[in-house]
Amino acid sequence: KIDGVEIGTPMGTGSFDATLAAYTILGSLSREIFLDVKFRLNGEDADEVKNGNMFSLKGRYGFLEFEQKFDGYLGLQAVVTGDGKIGNSDLETSMFLLDLVPELHYLTKLGMFKVGFTMPLITSAKFKFTREYTVRFGISKKY
C-alpha cells in the first residue's frame with residue numbers, strides 16, 4: 001500500500017532482472033529426487049518501481065514405474081519475496097508461499113499423459129491476494 005492505495009504486483013517487472021539458478025536430479029531405476037533453487041534480483045523499471053527480490057525452492061520426489069506404464073511425483077514449492085520500492089516509498093510486496101504439487105504420468109502410444117495439480121498450503125503476505133487450486137494436464141512426446 002502507498003498512501004492507502006493497494007498496488008498489485010505484476011508477473012513481469014518491466015525492468016532488467018538477474019536470476020541465479022541451480023538444479024540437480026538424483027535418480028535410480030525406481031526413484032528420482034529433483035531440486036531447483038532460484039534467486040531473482042529485481043531491477044528498477046522506467047517508473048522507478050522495484051519489486052522485491054525473489055527466492056524459490058522446488059523439490060520433487062518421484063515414484064518411477066510403480067506399475068509398468070504408470071508413475072508419479074510428489075512435490076513442494078516455496079516462494080519468498082521481499083518488499084519493493086516506488087521512488088523513495090516502500091512497496092509492501094513481501095510474501096511467503098508454500099504449495100503441494102502432486103503429479104501422475106501414464107505412458108500411452110501417443111506419449112506420456114500427465115495430470116497434476118497445485119494445492120496452496122501456506123499464503124502469508126502483507127497485501128491481500130487470493131490463490132486457488134491449479135489443475136494441469138498434457139501429453140509429452142519426450143519421457
Side-chain angles (χ1 to χ4, degrees), residues 1-2 5-87 89-143:
K1 282 185 181 179
I2 295 180
V5 177
E6 286 192 25
I7 298 174
T9 304
M11 292 301 286
T13 63
S15 64
F16 180 78
D17 305 328
T19 301
L20 302 172
Y23 72 91
T24 188
I25 298 173
L26 304 170
S28 67
L29 292 176
S30 62
R31 300 289 184 257
E32 178 182 272
I33 297 172
F34 173 80
L35 184 63
D36 179 294
V37 179
K38 292 181 184 167
F39 179 74
R40 185 174 75 198
L41 183 63
N42 290 322
E44 189 175 287
D45 68 12
D47 297 324
E48 296 185 1
V49 175
K50 182 189 182 306
N51 287 309
N53 298 327
M54 182 188 79
F55 173 78
S56 72
L57 176 66
K58 295 178 186 176
R60 184 171 79 175
Y61 180 73
F63 304 91
L64 305 177
E65 295 186 13
F66 47 78
E67 286 190 18
Q68 187 174 5
K69 296 183 176 185
F70 188 63
D71 62 28
Y73 295 88
L74 182 60
L76 281 174
Q77 62 185 18
V79 176
V80 179
T81 65
D83 284 337
K85 289 195 173 289
I86 294 182
S89 300
D90 288 337
L91 181 60
E92 294 182 345
T93 58
S94 64
M95 64 180 163
F96 172 74
L97 311 175
L98 182 65
D99 298 333
L100 179 66
V101 188
E103 186 171 284
L104 295 174
H105 300 172
Y106 184 74
L107 183 60
T108 69
K109 291 180 182 180
L110 299 173
M112 183 71 76
F113 177 74
K114 300 178 180 186
V115 63
F117 68 94
T118 301
M119 180 175 69
L121 295 178
I122 298 173
T123 303
S124 175
K126 293 181 180 178
F127 58 99
K128 290 186 178 182
F129 70 104
T130 58
R131 297 197 313 137
E132 300 176 0
Y133 289 86
T134 304
V135 178
R136 62 194 177 283
F137 59 91
I139 291 183
S140 172
K141 285 299 229 175
K142 197 171 191 178
Y143 49 84

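As the structure is a prediction and not an experimental result, all values here were calculated from the model. Because only heavy atoms are used, hydrogens play no part in the values below, and waters and symmetry mates are left out as well, while side chains stay in.
Note that CG of Leu100 and CD of Gln77 are 9.5 Å apart. Values are rounded to the nearest 0.5 Å. Summarising the geometry, atom CZ belonging to Phe117 is positioned 9.0 Å from atom CG belonging to Leu104; distances are rounded to the nearest 0.5 Å. A distance of 4.0 Å separates CE of Met95 from OG1 of Thr81, quoted to the nearest 0.5 Å. Of the inter-residue distances, the one linking Ile86 atom CD1 with Leu91 atom CG reads 5.0 Å to the nearest 0.5 angstrom. Rounded to the nearest 0.5 Å, atoms OG1 (Thr93) and CE (Met54) are 12.0 Å apart. Going from atom CG of Leu41 over to atom CG of Asp17 covers 8.0 Å, rounded to the nearest 0.5 Å.
A salt bridge is defined here as a Lys NZ or Arg NE, NH1 or NH2 lying under 4.0 Å from an Asp or Glu carboxylate O, and Glu103 with Arg136 meets this definition.
Across every non-hydrogen atom of Leu74 and Pro102, the tightest pair is CD1-CB, 4.1 Å. Among all heavy-atom pairs drawn from Lys50 and Gly43, the shortest one is CG-O, 3.5 Å. The two residues Arg131 and Leu98 come nearest to each other via the heavy atoms NH2-O, 3.6 Å. Taking both residues in full, the closest heavy atoms of Leu107 and Met112 are given as N-SD, 3.8 Å, listed atom of the first, atom of the second, then distance. Taking all atoms of both residues into account, the shortest heavy-atom contact from Asn53 to Phe39 is CB-CZ, 3.9 Å. Looking at every heavy atom in both residues, Ile139 comes nearest to Phe113 through CG1-CD1, 3.9 Å.
The number of heavy-atom neighbours closer than 6.0 Å to CZ of Phe96, taken from other residues, nucleotides and ligands shown, is above 12. Heavy atoms from other residues, nucleotides or ligands lying under 6.0 Å from NZ of Lys38 number 12 at most.
Remark: side-chain polar atoms of Arg60 are not paired, donor with acceptor, to backbone N or O of Glu32 under 3.5 angstrom. Under a 3.5 Å cut-off, the side chain of Asp83 and the backbone N or O of Gly52 do not form any donor-acceptor pair. No donor-acceptor distance shorter than 3.5 angstrom exists from the side chain of Thr118 to the backbone of Asp99, with no hydrogens or angles considered. Ser56 places no side-chain N or O within 3.5 Å of a backbone atom of Ala78 that could act as its donor or acceptor partner. For Asp90 (side chain) and Lys85 (main-chain N/O), no donor-acceptor pair under 3.5 Å exists by modelled atom type. Thr24 places no side-chain N or O within donor-acceptor distance of the main-chain N or O of Leu35, the cut-off being under 3.5 Å.
Side-chain atoms of Val37 and Leu20, non-hydrogen and from C-beta on, never get closer than 4.5 Å to each other. Taking 4.5 Å as the limit, every side-chain heavy atom of Val101 sits out of range of all side-chain heavy atoms of Leu76.
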